[in-house]
Structure formats: C-alpha cells, structure tokens
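Within every chain, numbering begins at 1; the chains are lettered A, B, ... in the order of the sequence lines, protein sequences first and strands thereafter. Given the structure is predicted, the values throughout are model-derived calculations rather than measurements.
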Amino acid sequence: MKVAGIDIGSLTTKVVIMDDSKVISYVVNQTGDEVEQAARQALEEALSKAGICTQGELYIISTGIGSRGLQFGQGQKAVATCLARGAFYFFPSVRVVIDLGAETSTVVKVNERGRLIDWANQDKCASGTGLFLQQVAKLMQMPISEMGKLPIPEKAAEITSTCAVFAESEIISHIHRVPPTPKEEIVAGVYQSVVGRLMSLIKRVGIAKDVVVTGGVALGEGLVRVLERELGFSVLVPDEPQIVGAVGAALIAGETAKRGVSQ
Amino acid sequence: MNSTGSGNKLGSVIRACRLIRRMLRADPEARQSQFMYYQMLEDYFTRVLRAKEEDGFVVGHTVFFPAEIIYAMGLVPMHTETATWTMALFTGDCSDILASGARLGMAQEICTPHRGLTGAFASGALPHPEVMLWSNMVCDNTAKSGELIMEVCNCPGFFLDRPFKRSQHEIAYLVSELEDMVHFLEERSGKKMDWDKLSEIVARMDRQIELVRQINELRKNVPTPFRPQGFLELLTVDYLFPGQPEALEYLETLYRELNEAVKVGKGAVKQERFRLMTLFIPPMYLMGFLDRISREYGAVSVIEPFFTFWGEGRLDPSHPLESVARKSYMIPEMRMYGPLDDRALGAIVNCAEEYKIDGAIYYADVGCRHSCATIKLFKDTLADIGVPMLVVDCDVVDATVTSEEEVSEKLQQFFELLEDR
C-alpha cells in the first residue's frame, strides 16, 4: 500500500512516499509564502520520482507548522508524534529525539514501541534555532554548509544563550575585536550557546539513550559534535535528518489506511 | 483617580450574563444549574453597581478572603480578582486595564490578575470600594496589591495577617486578626456584626463544602457527568458566594442534575476518551475554544486537586470566627500555595488514581512564580504513577502571551500522546 507523509516546516517542505513501510521517494523543497502550493508541488515531485501517476492512489497524512490549513490529504498529526514514529523507524533503539528545525527545537521522548511519551519545545525565541544559525553564517560571511564543517576548537567564544539579538551583538563584537576572535572559536561559542539552551529542554523530558538528532540543523556536523560533548556520548543522525517527521507521518498514514481497509 | 464610567466593564459582564441566560433558555441541553449560575453572577455584579449608585458600602477584597464576614455584616463584597477574570472572560479583552496597570508602574512580570485588578480600579473599569480588605492568602502579590488599591482608590483598608502554617496557636492568632477586622468594618461602615447571621452563614458554608465533595464523588463516574470546563463554575461560586443561600440552591440543583446523568450513564461529552486532571486555571479568554476542543477530542477535566478538592474538616457554626479561620486552611488552593508538603503531592496522586486520570494539564500562568515553581515536582510525581502531564505556558488574562493556535497545537499533541499509549 502506497502512502505519503508531508511535513511542512517554516523553511522547508518535506514529502516522503512509502510502499509497505519502505521509503520509495522523498523531496525536500523550500516552503516559501504559498504553503498549499509548496506542498502540492513537493508531492507531485515525490510522486514523479516514485513513478506514481496520481495522488488519488495515496493515503496522505501531513504534519508541521503549515499543515493545519492544508486542503488535501486524509488527516493531520502533531509534529512530536511523527518524529517519534520516524526516528523509531530508522533507529529502533531511540529513546530521545532532538529535532533542530528552522524556527523550533523539539525534544521528544519515545518508549520501546516507538510511541511518544513526553516532549518539550522551544518556540518563543530564535536563539537555539536553525534561523539563528543562518543569521550567524550571514554575519560570518560564509555559507551555512561551510560553517557546519569548521573544526571545533577546545576554546570557544562566550556567546549568550538567552537572546538571539544579544547573541548577534556579541558575535559582531568578536568579529571587530583587535585582534578578531578566530571564526572557529566564534562558531564553537555559537554552538555552545545553542546546545546550552537545548540542554534545558532535554533535561525537561529526561536524557535516555539512544539519542537521535533530526531536522535540517543536524546536517551541520559541528553542532552535533558540541552536543555530543555536552551529553557525554555519541548521538545517532539519520542520513537524511530532515525527512524524519515526514516518514513518521507516512507511517501513520499506512497504519490509518490499513485500519480503514480492515474495517 | 478616575472612577467615572465605573460601570462600563461590569455593565458588560451583566449584559453578557443576560444574553447567556437567553441562549441557555433556547438550548434544550442546557441544565437549570447553568441558568442559575449566570443569574447569580448577574445579581452579584448588579448589587455592586447598585450599591455604588445608592450610597451602599462596597467592600473590595482579594482572593480567598473570608467574605462570610462581609455578608454577615450586611455589606456588599466585591471580589477583585474574580471581577477582573470575569471581565476578561466576558469581554474577551483586558488590554486596556492591563495597560492602565502598566501606567501605574506595575511590571510585566507581575501576574496579570494583580496587574489587571489594579489597572481596573485606576481606569474606572471597577468601581472604587469604600474599604479594601486584603491578606497574604495566597501569594506575595496578594499581600502587596491591597496597598496599591488603597492608594489608587483613596480608601482605607485592612490587611489580614494569616499565618503560613497551621496550628492551634496560629488559628487563635488568625481569630484575633478577624476580630480586629470586624471592629475595623464596624467603625468604617457604621454597621454592627450580626453574629447569629455569621453562624448561619458558617453552617451553610459547611453544607456548601459537603456538596462540592459530593459533586466530586459523582465526577468519579465513567463517563463523568460534569461539563469539560464546568469546574470554573464551582470555583466562582466558592469565591463569590461563601455560605449564601443561592450557592446552596445552585450546588443542590447541580448535584441532582449530575446524579440523574450518572443514573442514565450520560456523560458530559458524547464519547469520553480522556479523563483529565487540571492543575491551575486555564486562560479565561480561551474558555470557548477549550470547551470546543475538549468536546472534539472527548477530553474532560474530572478533578482539580488545587481548586475543587477541599481539605478535610468541618465547620462549626457555634464557633463561627474559628470556623472561618479553619476554613482558610481547608481551601483546595492552600495545598499548592503552602506550605507545600506531602499533602499536595499525596492529593494529586490520590486524585489521579481515584478519578481514573489519563493525563494532567498544567496551565502555567507565567506571572505566577509561586505555582510555576511546582511544575517539575508535580510532573515527576505524576510520571511516577504513569500519568503524563502537559504544561501550557500561558496567562490567565493576558491574550498576548499565548495564542489559541499555540494552545491548540499543544493540546492536539497531548491528546495524540494519550491516544498512542
């Protein structure tokens, strides 16, 4: 049975097509201003990649910040539920998922059946989010992908974790210092600031192994290394950390569709 | 200070109550107790406005203050926090009174009921009382609010010092404080305390507490018979009408209605899926939305350990002042506000088990540091018995802190979590 999961984030829209619980295609596109259009476009591309002609053959579940107003599909599920399912699909040993998105960081606790048992998210401040890191990359005048590959020195610049605006001022001050703070130390400081904020979220739901890191920010190796240093152990990162929520949505679509068929 | 147009906001509340009663008349599913409740609210606020028009003696008082004494003296009580909350609930907007509080120098970090009530007096949304009574029940904000209200309203006041801990010695001290307060009110109002009337009120208050306990017993049934957010009615009746005949009539009617529903197995929602424990008060401006989403998901609050679950004990009409003093330690909220000990944790564990709770929702009023400090403790305690707890950061009155969409997302997520277990 073919199903689709759509995860509409503030920055990117992810679509996953699954057949009998196997990912057969996926797409990650920019969301832009027109959420509905972005979702339809991404779905069409994913269908095309999977060699499926029409949307009519699919059972679709959506999730993410933009999913509420979607005019198509069979239902909508909350992000943490989908992250729990998606992370469990890739790593059955997962107990905590840390999702680092563009505007929101979410920490999800998962039981041994891959079901959500608790979650906490940070959505009131840009500090600790992907958009903040994008802004930092802009200030450092380098692409975010390049920033993610910078080596992480032992010494890190002091950057506040309480406010994204104050953090930016501090970064500018480090850049213009004489001599300027090395960019690796600034970036390491930024990561520590993000991780510091994240740790309070993680402690709210409780640390438990294995930890899986998802979301677009997980593509940056540097941040993941700083997080591991803070946690004191290695974390797991899927090959495509951005699509985990969409995979979870697709898995739920499959379960729901099966229940519908059996009824 | 401006007190012109003081009826504007309360007038809106009164008109809203009338409108709701008309709507209830047309609703075949509406219960008589709901109709009575809105009539009581209308009468309460009408009494306040009429007293101001007819040179009556309005006594402003803060939350948990023993209003039995005000009623026994034939004076008109005005519960300041409830008046503010009710305005928020019925007008859907309290931005002007909060702005008025800010102009008085009330910092944004102070809880909105207190910012709001001071602002309400300063802006004239609430009529100025003849005297202001306040106490240290339950928080530090309450202890300080009265002073500012006295200044804003240019009226005298009395601070009731209620000891934090409970012992025979401390009860005796609180009784002496209450005696001083009676003298203060007699001097200021020119009216004498009617001790027989106070005894009658105490006897009725004892019955009132018993009725709430009996109603809670009915709420243990599956499906539970009481409406999803209905407990706010119990709370308001307790705050505004301690020991009043109309409160007994309302509670007796409600008890009969719920008993009938239990007999025929009729639940408050079509399909009860999630039995919830509510910790702290939901945002007033979202009550309509919360009612809708509760019905949509089949989620009902079946117990509120810190709002409707009275502590043990009975009141003795032959010792009315001592009973009033003792009651201040039996109030459900006192478990949370202290001293915070095993009683609070024991109460939520017992309630979770006895009321067959699926999950708890803690509406964390960001301005209430006292209650927010308990979040982790309660969450861990409930987790130990397998009951998940959702924390919704919000504000009881200020709609700018949390949007309906945010609350909706969190509730949806929580209901999915409960469903998935």
Side-chain angles (χ1 to χ4, degrees), chain A residues 7-10 35 61-69 75-88 97 99 101 103-104 106-125 200-206 208 245 248-249 251-253 255-256 259, chain B residues 108-109 273-274 279 283 289 292-293 296-297 299 357-362 364-367 372-395 398-421:
Chain A
D7 178 5
I8 307 171
S10 55
V35 172
I61 291 287
S62 60
T63 187
I65 198 165
S67 62
R68 288 209 158 202
Q76 187 260 345
K77 283 279 173 183
V79 175
T81 308
C82 296
L83 286 170
R85 297 290 174 91
F88 188 77
V97 185
D99 184 65
E103 284 187 349
T104 314
T106 307
V107 180
V108 170
K109 198 158 197 180
V110 183
N111 69 10
E112 66 289 349
R113 294 184 298 116
R115 299 296 196 259
L116 170 75
I117 49 174
D118 198 4
W119 87 99
N121 58 349
Q122 194 281 106
D123 52 9
K124 291 284 185 203
C125 178
S200 73
L201 272 188
I202 297 168
K203 283 175 182 164
R204 273 165 65 181
V205 302
L251 289 167
I252 293 168
E255 290 165 16
T256 317
R259 275 202 302 271
Chain B
Q108 203 171 1
E109 289 76 21
R273 292 166 68 206
F274 309 121
L279 301 162
F289 154 75
R292 279 196 309 279
I293 197 165
E296 185 185 334
Y297 283 93
I357 297 301
D358 297 305
I361 301 183
Y362 196 120
D365 188 303
V366 290
C372 285
T374 64
I375 291 173
K376 178 125 182 29
L377 191 60
F378 292 164
K379 187 170 180 174
D380 290 348
T381 302
L382 285 167
D384 285 345
I385 56 166
V387 175
M389 182 177 108
L390 168 69
V391 181
V392 180
D393 286 343
C394 59
D395 187 280
D398 187 353
T400 63
V401 174
T402 312
S403 68
E404 182 177 311
E405 195 175 60
E406 280 179 74
V407 178
S408 174
E409 274 174 28
K410 284 193 172 161
L411 288 177
Q412 183 201 355
Q413 179 66 83
F414 189 59
F415 295 144
E416 282 180 15
L417 181 155
L418 295 179
E419 197 169 34
D420 243 7
R421 297 170 82 219

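Your options are B/Arg421, B/Gln412, B/Glu405, and the one with the most heavy-atom pairs under 4.5 Å with chain A is B/Gln412. Of the listed residues (A/Arg115, A/Arg68, A/Arg113), the one with the most heavy-atom contacts under 4.5 Å to chain B is A/Arg68.
We find that B/Asp420 and A/Lys77 are not joined by a salt bridge, their nearest charged nitrogen and carboxylate oxygen being 4.0 Å or further apart.
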From CA spacing to verdict: side-chain contact (heavy atoms from CB on, under 4.5 Å), B/Lys410, A/Asn121: CA-CA 10 Å; B/Lys410 284 193 172 161; A/Asn121 58 349; 4.0 Å; yes

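One distance of note links CG of B/Leu417 with CD1 of A/Ile117; it measures 8.0 Å at 0.5 Å rounding. Between atom CG of residue A/Leu116 and atom CZ of residue B/Phe414 there is a gap of 10.0 Å, rounded to the nearest 0.5 Å. For the atom pair CD of B/Gln413 and SG of A/Cys82, the computed distance is 8.0 Å after rounding to the nearest 0.5 Å.
Within the 4.5 angstrom heavy-atom criterion, no atom of B/Ile375 approaches chain A.
You'll find the side chain of A/Asp118 reaches within 4.5 Å of the side chain of B/Lys379, heavy atoms only.
Counting only distance, with no hydrogens or angles, the side chain of B/Glu409 and the backbone of A/Ala78 share no donor-acceptor pair below 3.5 Å.
Counting heavy atoms of neighbouring residues, nucleotides and ligands inside a 6.0 Å radius, atom CD of B/Gln108 does not exceed 12 of them.
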